[in-house]
Amino acid sequence: MPRLLQMSEYVKVEKKWQKRWERDRIFEADPDPKRSKFFITVPYPYTNGALHIGHGRTYTVGDLIARYKRMRGYNVLFPMASHMTGTPIVGMVERIKAGDHDAIEQYKRDLRLYLDSEEAVDAQLKKFTDPWVTAKFFADAISADFKALGYSIDWRRKFTTGDRIYNQFVTWQYHKFMDKGYIRQGAYPILYCPHDGNPVGEDDLLKGEDAKIKEFTAIKFGFEDGFIVPATLRPETIFGVTNMWINPSSTYVWARVDGEKWMISQAAAEKLKLQAKKVEVLDTFPGARIIGKKFRAVHDQHEMPILPADFVDADNATGVVYSVPGHAPFDYIALQDLWDNPSSVARYGISADNIRAIKMIGMIAIEGYGEFPAKEIVEKRGIKSQAEAERLEEATQEIYKAEFYGGVMKDNCGQFSGRAIKDVKDQVVAWMKSKKLCDVFYEPDRRPVVCKCGTNVQVGVFAGQWFLDYLSPGWKDKARQALDTMSIVPDTFRHQFEATFDWLTQRPCARKRGIGTRLPFDPEWIIESLSDSTIYMAFYTIAHKITGNRLKPEQLTLSFFDYVFLGIGNLRDVSKETGVESALLKSMHDEFMYWYPNDQRHTAPSHISNHLSFAIFHHVAIFPKEHWLKCISLNEHVNMEGMKMSKSKGNVIPLVEIPKKYGADIYRTYVVSAAEPGTLMDWRERDVPTVKSKVSQFTEIVNKYATKVPRVYAKKDKPTMITRWLLSKANTIAKECTESLDSFKLRDYALLVMSEMPRVVTYYLNRREVPAEEKQATLAYVCDIWVRLAAPLAPHICEEVWSKMKREGYVSLAPWPEPDSKLMDSAIEDAQAVVESTIRDVREIMKLMKGEKPKKVHVYIAPAWMFDAMRSIREANLPIKVGDIMKHLMSVAEFKPYTKEVKVIVDRIAKENGLWGHSASAKDEQHALRSSASYIQSELGMEVVVHSAEKPAYDPQNKARFALPGRVSLFLE
RNA sequence: GCGAGGGUAGCCAAGCUCGGUCAAAGGCGACAGACUCAAGAUCUGUUCUCGCAGGAGUCCCCCGGUUCAAAUCCGGGCCCUCGCACCA
């Protein structure tokens with residue numbers, strides 16, 4: 001099959017150049033004080049499996065920028081490493097060990113991509129019981145993939161985040177945070193499996209994967225010699241309490257909780273044990289036992305009864321509910337039942353009078369509701385019983401929303417009277433907290449949430465959780481300052497950064513499991529993997545010197561990094577302490593100082609709310625201003641035929657298949673030209689052939705003409721008009737490419753190189769009036785520009801052509817084409833546009849002539865003075881007002897004789913809302929049309945006669961008078 | 001719920017920051033023509049509606065507003081996507 005042959009041809013060329021690049025180490029960047037540097041990074045991949053086409057988009061964009069900057073003359077550093085810290089690899093290894101079918105299949109799928117036989121796959125999989133083996137395997141696989149895509153990476157600097165030298169670096173980083181006081185320890189709630197004794201992440205859950213943690217306020221109402229403790233999401237309603245609800249058939253306890261006596265459900269007592277409370281159960285009893293007893297209000301100590309209610313779930317929160325019948329539909333309807341049937345509680349010793357004595361309390365005013373919103377909504381919705389849980393829930397939601405956003409505390413709410421609910425909630429909690437009248441109780445926000453081990457997941461609280469405290473004084477301000485002074489491209493993402501910065505508070509930075517660096521001041525904890533990968537761009541600047549010189553981890557002490565990165569300390573002392581030669585130490589410091597800051601960090605927007613924001617915060621915490629990140633650029637993810645890619649859907653194209661399946665250059669071109677970076681890209685298989693044909697069209701033309709001897713035909717050489725047009729066009733395109741790349745409009749750039757340029761060149765090739773020699777020499781010149789413009793996009797093909805052109809060195813290192821402004825001639829381009837629009841007009845007229853086949857087209861060019869008039873208007877730069885322009889023109893003697901025609905032009909300008917393109921003069925326009933006559937003739941299949949409209953030799957239908965500059969008049973016969 | 005970003009012709013996708021040159025680039029698909037025995041590939045043209053010669057009409061989610069002029073600015077509505085913390 002010829003197609004396959006062709007593909008293998010691509011692979012051959014790609015491999016050839018990749019080998020040479022590697023052999024000649026052209027992407028290995030060393031400091032060169034004579035050249036400006038450009039340091040670009042893309043976050044290292046997580047080496048837990050094969051990467052796919054979507055990851056490739058991001059790395060391809062990174063490489064494109066690196067290659068472009070290199071050609072612009074920068075000393076470019078584009079390094080790469082691999083990420084293995086954290087829980088996923090460990091988690092997968094555990095699952096493999098446990099014989100988990102899904103995990104094994106998932107790895108087998110990935111392994112088959114890299115290994116030929118099923119035996120090899122099984123053999124490799126057997127070794128995946130060690131996370132290091134897994135990480136190493138995929139790290140190697142991915143770097144091979146990256147090489148096969150032509151990424152211009154300096155591989156000498158690679159490392160993994162599990163390396164001990166890297167641990168030393170992170171240790172230093174966390175000491176710095178500690179010194180600044182940015183690290184804190186405190187309580188932190190987390191989903192927790194009581195059976196495994198471990199926190200659970202999304203991947204560990206069988207049911208309820210997206211469960212979050214809900215924070216209840218547990219309120220301590222005085223009861224006997226302790227507290228009865230209901231938990232609520234609406235603590236501000238304590239002023240409307242009329243009674244307590246207890247499920248008579250559930251089990252309750254008296255327990256000593258952190259030294260206080262609490263009455264709660266038995267289940268709640270168990271949960272509190274997980275929530276870092278000291279819990280000792282003193283007495284266990286059925287709820288029925290305390291029904292009818294009295295408890296005391298929080299705010300004024302008045303007594304209220306404890307009543308029975310079946311809707312109370314002892315397994316939710318504390319299993320105790322306080323009743324606010326004026327505002328809570330559940331409470332209202334439960335109370336209603338008792339009012340209707342007071343005898344049902346007689347057995348608890350509660351009289352009908354006691355029940356009737358309970359009066360609802362209205363404590364929140366909202367527009368659209370009366371005294372008791374709960375009563376109203378229950379009646380409005382016709383809810384009849386406690387059993388209608390779903391409808392009651394809806395009613396609750398409605399009231400809650402209305403009250404939260406629009407409600408105001410009535411004047412029976414003590415010092416909170418008159419305040420808006422949404423503001424007062426936290427204040428009520430703060431007030432109770434100050435009086436030790438409330439606590440926090442956590443629950444998952446949904447049920448069921450089940451661990452993979454089958455156990456019901458609870459909320460656990462880590463008392464000693466380590467945090468990075470982004471609210472530490474001054475930190476956020478500095479980070480905002482950094483954000484304001486750096487560029488975000490596309491800038492639309494800046495808002496997202498700002499929102500993230502606002503929202504960041506404390507972030508847990510360590511965990512008890514996974515691979516990583518131990519927290520230096522509390523080795524039980526391992527630094528969490530997003531928090532250990534924030535300033536490692538600095539590590540790239542010296543990684544090759546550490547590994548190249550075989551420095552031991554122990555040598556990389558705090559003072560080592562202080563000296564190298566911050567210039568702190570004395571060279572001789574540091575050398576003595578670390579045993580690192582002072583010359584080497586100095587060179588590492590120098591190298592860091594040369595490369596830093598990171599000029600551009602490129603990745604996907606999904607990292608804004610974590611990695612990228614942390615990177616900014618951590619940089620400002622540790623480095624001086626001149627070493628903060630300069631720019632963050634982003635590209636969105638890739639969809640597959642309109643669908644999200646996922647391994648479970650099986651619609652993932654792995655990165656490793658790309659070179660074989662498409663060819664690296666074609667993939668690169670596709671992925672850059674299919675969508676602008678800021679938007680989600682849709683991979684559509686059926687569009688690939690188009691890209692392929694564009695690329696091969698480029699290859700073909702360039703192969704044919706690039707090797708000819710280039711020559712630039714100046715005006716005095718009297719080339720054909722279309723040659724001058726092409727010279728102008730090629731330089732204009734070069735200019736536009738540069739502008740597009742500089743403004744991160746990568747799609748525009750790709751389209752210019754692979755769509756616009758071929759269109760222009762093909763058009764030129766089809767113009768038969770150009771002498772062969774002139775054509776070849778001109779195309780040779782254009783191809784020289786074109787190959788260099790295309791090199792960042794399709795580097796392999798371009799190297800191949802470059803070598804055929806017998807040019808020195810690699811196109812990857814060739815200078816970026818400078819547009820030659822002398823050759824750019826907008827008048828020529830406009831004149832050519834007139835030729836094209838003339839052809840379009842003729843076609844349109846022909847369409848309307850129905851059947852008649854004209855043999856000849858007469859073209860009338862507007863008179864010379866009109867071109868002068870247009871120029872005069874252009875130069876006067878008038879607003880588009882008919883009167884003004886009219887006045888302006890009539891004030892010039894040259895135009896005075898043409899009042900009527902001037903009016904026509906001015907009307908047209910008004911109608912078109914401005915001026916349009918045309919040739920520089922009547923002479924030029926005539927020349928353009930005349931010299932294109934043979935072309936027009938071949939396009940339209942009819943003879944072309946060009947006339948001046950001034951005194952046309954032939955004009956039977958008096959058409960000449962309609963001609964305007966850029967708008968020829970036509971007559972077909 | 002909170003936060004961010006979107007809705008453009010059959011589909012994908014530019015344009016919107018800086019209102020007019022926008023019936024709106026480019027691609028896919030479709031249709032027609034050239035080439036071919038034929039298909040594919042390639043090239044050329046057409047692809048909102050109407051049209052008496054290059055013209056006119058109606059369009060950029062919906063409704064309203066600002067303006068001489070709005071896909072572009074403002075207000076409201078409907079719908080969609082993404083992130084929301086221990087997960088890389």
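Letters go in sequence order (proteins before strands), and every chain restarts at 1.
You'll find the ring centres of A:Tyr470 and A:Phe501 outside the 6.0 Å limit. Remark: aromatic rings of A:Phe614 and A:Phe617 are distant, center separation not under 6.0 Å.
A side-chain donor-acceptor contact under 3.5 Å links A:Asn48 and A:Tyr107.
With a cut-off of 3.5 Å on both Watson-Crick or G-U wobble distances, the partner of B:U42 is given as B:A34. The nucleotide B:A56 finds its pairing partner in B:U49, both defining distances of the Watson-Crick or G-U wobble pair being shorter than 3.5 Å.
Using bins of under 30°, 30° to 60° and over 60° for the plane-to-plane angle, the ring pair A:Tyr174/A:His618 lands in the perpendicular bin.
Looking at heavy-atom distances under 4.0 Å, A:His83 makes contact with sugar-phosphate atoms alone, never a base. Residue contacts shown for A:Gln496 are limited to sugar-phosphate atoms, with no base heavy atom under 4.0 Å away. Nucleic acid contact class of A:Lys512 (heavy atoms, under 4.0 Å, all strands): none. Within 4.0 Å of A:Glu756, counting heavy atoms only, lies no atom of the nucleic acid at all. Contact annotation for A:Leu530: base contact, defined as any heavy-atom pair under 4.0 Å involving a base atom. At the heavy-atom level, A:Asp502 lies nowhere under 4.0 Å from the strands shown.
Looking only at distances, no side-chain donor or acceptor of A:Asn639 sits under 3.5 Å from a matching main-chain atom of A:Leu680.
OP1 or OP2 of B:A14 has at least one side-chain nitrogen or oxygen of A:Thr679 nearer than 4.0 Å. Checking the phosphate oxygens (OP1, OP2) of B:A41, no side-chain nitrogen or oxygen of A:Ser693 falls inside 4.0 Å. Contact annotation: A:His495 reaches the phosphate of B:G5 (side-chain N/O to OP1 or OP2, under 4.0 Å). OP1 or OP2 of B:G15 lies within a sub-4.0 Å distance of a side-chain N or O belonging to A:Lys745.
Of all the residues in residues 963-973 of chain A, A:Val968, A:Ser969, A:Leu970, A:Phe971, A:Leu972 reach under 4.0 Å from RNA chain B with at least one non-hydrogen atom.
Considering only the side chain of A:Ser529, B:A88 comes nearest among B:A88, B:A53, B:A4. Closest contact between the side chain of A:Glu676 and the listed nucleotides B:A14, B:C87, B:C43 involves B:A14. Looking at the side chain of A:Arg511, the nearest of the listed nucleotides B:G54, B:C87, B:A14 is B:C87.
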Q. Could you walk me through whether A:Val857 and A:Val859 pass the side-chain contact (heavy atoms from CB on, under 4.5 Å) check?
A. CA-CA 6 Å; A:Val857 53; A:Val859 179; 4.2 Å; yes
**Q.** Criterion side-chain hydrogen bond (donor to acceptor under 3.5 Å, both in side chains) on A:His83 and A:Thr47, from CA distance to verdict
**A.** CA-CA 6 Å; A:His83 195 191; A:Thr47 50; over 6 Å; no
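Taking atom NZ of A:Lys959 as the reference point, atom C1' of B:A53 lies 5 Å away to the nearest angstrom. Rounded to an integer number of Å, the gap from CZ of A:Arg843 to C1' of B:G51 is 20 Å.
In summary, A:Glu829 and A:Lys729 engage in a salt bridge, as defined by a charged side-chain N under 4.0 Å from a carboxylate O.
At a threshold of 4.5 Å between non-hydrogen side-chain atoms, the residues A:Lys959 and A:His858 do not count as touching.
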Table of protein N/O atoms under 3.5 Å from nucleotides 25-35 of chain B N/O atoms:
{"residue": "B:A25", "atom": "N1", "partner": "A:Arg747", "partner atom": "NH1", "Å": "3.0"}
{"residue": "B:G27", "atom": "N2", "partner": "A:Arg684", "partner atom": "NH2", "Å": "2.8"}
{"residue": "B:C28", "atom": "OP1", "partner": "A:Thr690", "partner atom": "OG1", "Å": "3.1"}
{"residue": "B:C28", "atom": "O4'", "partner": "A:Asp687", "partner atom": "OD1", "Å": "3.4"}
{"residue": "B:C28", "atom": "O2'", "partner": "A:Arg686", "partner atom": "NE", "Å": "2.6"}
{"residue": "B:C28", "atom": "O2'", "partner": "A:Arg686", "partner atom": "NH2", "Å": "3.3"}

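Distance noted for atom C1' between B:C48 and B:G5: 30 Å (whole Å).
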Would you list the atom pairs, donor with acceptor, under 3.5 Å between side chains in residues 503-513 of chain A and any protein atom, with sequence neighbours excluded?
{"residue": "A:Gln506", "atom": "NE2", "partner": "A:Asp469", "partner atom": "OD1", "Å": "3.1"}
{"residue": "A:Arg507", "atom": "NH2", "partner": "A:Glu528", "partner atom": "OE1", "Å": "3.4"}
{"residue": "A:Arg507", "atom": "NH2", "partner": "A:Glu528", "partner atom": "OE2", "Å": "3.1"}
{"residue": "A:Arg513", "atom": "NH2", "partner": "A:Asp204", "partner atom": "OD2", "Å": "2.9"}

